[in-house]
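The structure presented is a predicted model; accordingly, all values stated were derived computationally and were not measured.
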Amino acid sequence: KKISYKEWNVGFFNAIPEDLVSDNIDLSNITWLRRDSKFHCYADPFILNVSDYTIDLLVEDILLGSKNVATICHLSVDKCTGEIIEKYTLIDDNIHNSYPLIIRGDTLDEVYIVPENSYSTELNVYKYNTLLHSCEHFSTMLPVAVADATILPYNGAFYLFATSRNAYNKDLYMWTSNNRLYGYDLSPILIKSNLFGSRMAGDFMYVNNTVYRPAQDCLQGYGKGIILYKVEDISDKSYNETKVISLYPDSSSYYSDGL
């Protein structure tokens with residue numbers, strides 16, 4: 001029998017978006033985050049800011065062995081070494097929070113966070129005070145619990161993609177609104193029901209005026225790989241996409257079980 005335990009980390013590699021969508025990247029050369037404690041794991045990174053020397057991330061922070069409790073943190077990381085320079089805990093309500101989607105307002109200081117909280121009964125929005133490193137509840141985006149909610153602005157409308165509570169890795173739904181932060185319809189459409197390529201794997205990407213959707217390969221196991229889809233057409237009644245590439249971890253990596 002194989003004995004193992006779950007351990008997550010954040011990795012960094014140099015690439016331009018054009019290389020990623022053309023499958024011209026090297027996942028064997030990754031700088032891994034130098035965790036500040038062997039008991040803390042970090043996952044679901046979203047980039048807040050990048051400077052010449054640092055990368056600021058919002059991440060899920062989970063203790064090894066903890067089943068249902070995780071916090072949302074802001075990490076400032078050295079770009080060269082992967083060392084954590086500063087850490088701020090933003091959302092800690094003694095339940096499981098993850099996937100801190102970042103929504104930017106009209107100014108640089110206006111930042112909102114939409115974390116997954118699969119043990120709640122709703123999807124909430126928090127306003128992040130970047131000067132005080134504190135969050136306050138702003139609105140309820142959906143009155144239902146969903147996984148990995150991600151929003152695509154497109155032709156004046158906002159489309160929210162998330163998998164359902166009853167089938168987190170399989171059933172992908174889409175909600176529509178005229179406002180990014182609230183007002184989503186309560187009758188979503190099911191756009192995909194498959195363990196391969198349904199659950200979101202990060203924010204939408206724009207490369208040369210083309211939109212791409214990153215998704216997870218959960219058919220071979222939760223988070224086994226990342227599938228990149230090209231968005232072909234979208235409206236409040238339909239959605240079409242085409243698979244572009246598949247990404248899987250380097251087999252020689254310490255973190256070779258998923259991506």
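Both F12 and V50 are assigned to one and the same hydrophobic cluster, defined by single-linkage of ILVMFWY side chains at heavy-atom distances under 4.5 Å. By the criterion of side-chain heavy atoms lying less than 4.5 angstrom apart, applied directly or through intervening Ile, Leu, Val, Met, Phe, Trp or Tyr residues, Y53 is not grouped with I84; the two fall into different hydrophobic clusters. L48 and M205 are assigned to two separate hydrophobic clusters, defined by single-linkage of ILVMFWY side chains at heavy-atom distances under 4.5 Å. With hydrophobic clusters built from ILVMFWY side chains whose heavy atoms lie under 4.5 angstrom apart, I30 does not share a cluster with Y248. At a threshold of 4.5 Å between side-chain heavy atoms, the hydrophobic network of Ile, Leu, Val, Met, Phe, Trp and Tyr places Y154 and I102 in one connected group.
L181 and M141 get closest at one heavy-atom pair: O-CE, 3.7 Å. Closest of all the heavy-atom pairs between L27 and L247 is CD1-CB, 4.4 Å. Across all their heavy atoms, T242 and E232 have their closest contact at OG1-OE2, 2.8 Å. Counting all heavy atoms, side chain and backbone alike, Y159 lies closest to M174 at CD2-SD, 3.8 Å. When every heavy atom of I62 is checked against every heavy atom of A70, the shortest pair comes out as CB-CB, 4.0 Å. Here the closest heavy-atom approach between residue A162 and residue A149 is recorded as CB-CA, 3.9 Å.
One finds a salt bridge joining K87 and D61 here, because a Lys/Arg side-chain nitrogen approaches an Asp/Glu carboxylate oxygen to under 4.0 Å. A salt bridge links R199 with E116: the distance from a Lys NZ or Arg NE/NH1/NH2 to an Asp or Glu carboxylate oxygen falls below 4.0 Å. Salt-bridge check for D217 with K224: failed, with every basic side-chain N at 4.0 Å or more from each acidic carboxylate O. Using a cut-off of 4.0 Å between Lys/Arg side-chain N and Asp/Glu carboxylate O, E7 and R35 are scored as salt-bridged. With respect to the salt-bridge test (charged N to carboxylate O, under 4.0 angstrom), the residues E110 and K127 do not qualify.
Judged by distance alone, the side chain of D236 and the main-chain N or O of T176 form no donor-acceptor pair under 3.5 Å. Under a 3.5 Å cut-off, the side chain of Y99 and the backbone N or O of G202 do form a donor-acceptor pair. Put simply, the side chain of T140 never gets that close to the backbone of L142: no donor and acceptor are under 3.5 Å apart. Distance alone, capped at 3.5 Å, places no donor-acceptor pair between the N208 side chain and the T210 backbone. Put simply, the side chain of S134 never gets that close to the backbone of N129: no donor and acceptor are under 3.5 Å apart. S198 contributes a side-chain N or O that, together with a main-chain N or O of K170, makes up a donor-acceptor pair within less than 3.5 Å. Side chain of T150 to main chain of D148: a donor-acceptor pair is present (N/O by atom type, distance under 3.5 Å, no hydrogens or angles).
In this structure, the separation between CG on N97 and CG on L90 is 10.5 Å, given to the nearest 0.5 Å. Once rounded to the nearest 0.5 Å, the distance linking OG1 of T54 with CG of L57 reads 9.5 Å. F46 contributes atom CZ, which lies 5.0 Å from atom CG of L101 (distance to the nearest 0.5 angstrom). For the atom pair SG (C73) and CG (D36), the distance works out to 8.5 Å, reported to the nearest 0.5 Å. Rounded to the nearest 0.5 Å, atoms CG (N14) and CG (N29) are 8.0 Å apart. Rounding to the nearest 0.5 angstrom, the gap separating the CE atom in M200 from the CD1 atom in I226 is 11.0 Å.
By the 6.0 Å contact criterion, NZ on K230 is open, its count of non-hydrogen atoms from other residues, nucleotides or ligands being 12 or less.
A heavy-atom distance below 4.5 Å is not found between the side chains of E83 and V77. N9 places none of its side-chain heavy atoms less than 4.5 Å from the side chain of C41. Proximity of P115 to I91: side-chain heavy atoms (C-beta onward) are separated by under 4.5 Å at one or more points. Residues Y222 and N169 are in side-chain contact: their nearest non-hydrogen atoms beyond the backbone lie under 4.5 Å apart. Residues D233 and S238 have side chains in contact (heavy-atom distance under 4.5 Å, counting atoms from C-beta outward). Taking 4.5 Å as the limit, every side-chain heavy atom of E18 sits out of range of all side-chain heavy atoms of N24. In this structure, the side chains of D44 and V59 stay at 4.5 Å or more apart for every pair of heavy atoms. Y182 has its side chain out of reach of S177: every pair of non-hydrogen atoms, C-beta onward, lies at least 4.5 Å apart.
Between Y239 and F161, the distance separating the two ring centers is shorter than 6.0 angstrom. In this structure, the ring of Y212 has its center no less than 6.0 angstrom from the ring center of Y206.
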May I have the step-by-step check of side-chain contact (heavy atoms from CB on, under 4.5 Å) for I47 and D203, ending in yes or no? CA-CA 10 Å; I47 297 176; D203 211 346; over 6 Å; no
side-chain contact (heavy atoms from CB on, under 4.5 Å), that's the test. Do F158 and L160 meet it? Break it down for me. CA-CA 7 Å; F158 298 93; L160 189 157; over 6 Å; no
Where do E86 and Y88 land on the side-chain contact (heavy atoms from CB on, under 4.5 Å) test, with the steps shown first? CA-CA 7 Å; E86 292 181 300; Y88 307 97; 2.9 Å; yes
Check step by step if side-chain contact (heavy atoms from CB on, under 4.5 Å) holds for Q216 and I227. CA-CA 6 Å; Q216 297 186 40; I227 317 302; over 6 Å; no
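Put simply, the residue from V211, N155, L152 that forms a side chain to side chain contact (heavy atoms under 4.5 Å, CB included) with I234 is L152. Considering K192, R213, E241, K243 in turn, K192 is the only one that fulfils the side chain to side chain donor-acceptor pair (under 3.5 Å) rule with Y229. Under the side chain to side chain contact (heavy atoms under 4.5 Å, CB included) test applied with S139, the options L123, N179, V125, V114 reduce to a single match, V125.
Between H133 and Y128, the angle of the ring planes lies from 30° to 60°, which puts this pair in the tilted group. A parallel orientation is assigned to the rings of Y42 and H40, their planes being inclined by less than 30° (bins at 30° and 60°).
For the residue pair N117/H96, the side-chain donor-acceptor check at 3.5 Å is not satisfied. In this model, a donor atom of one side chain and an acceptor atom of the other lie less than 3.5 Å apart for D171 and S193.
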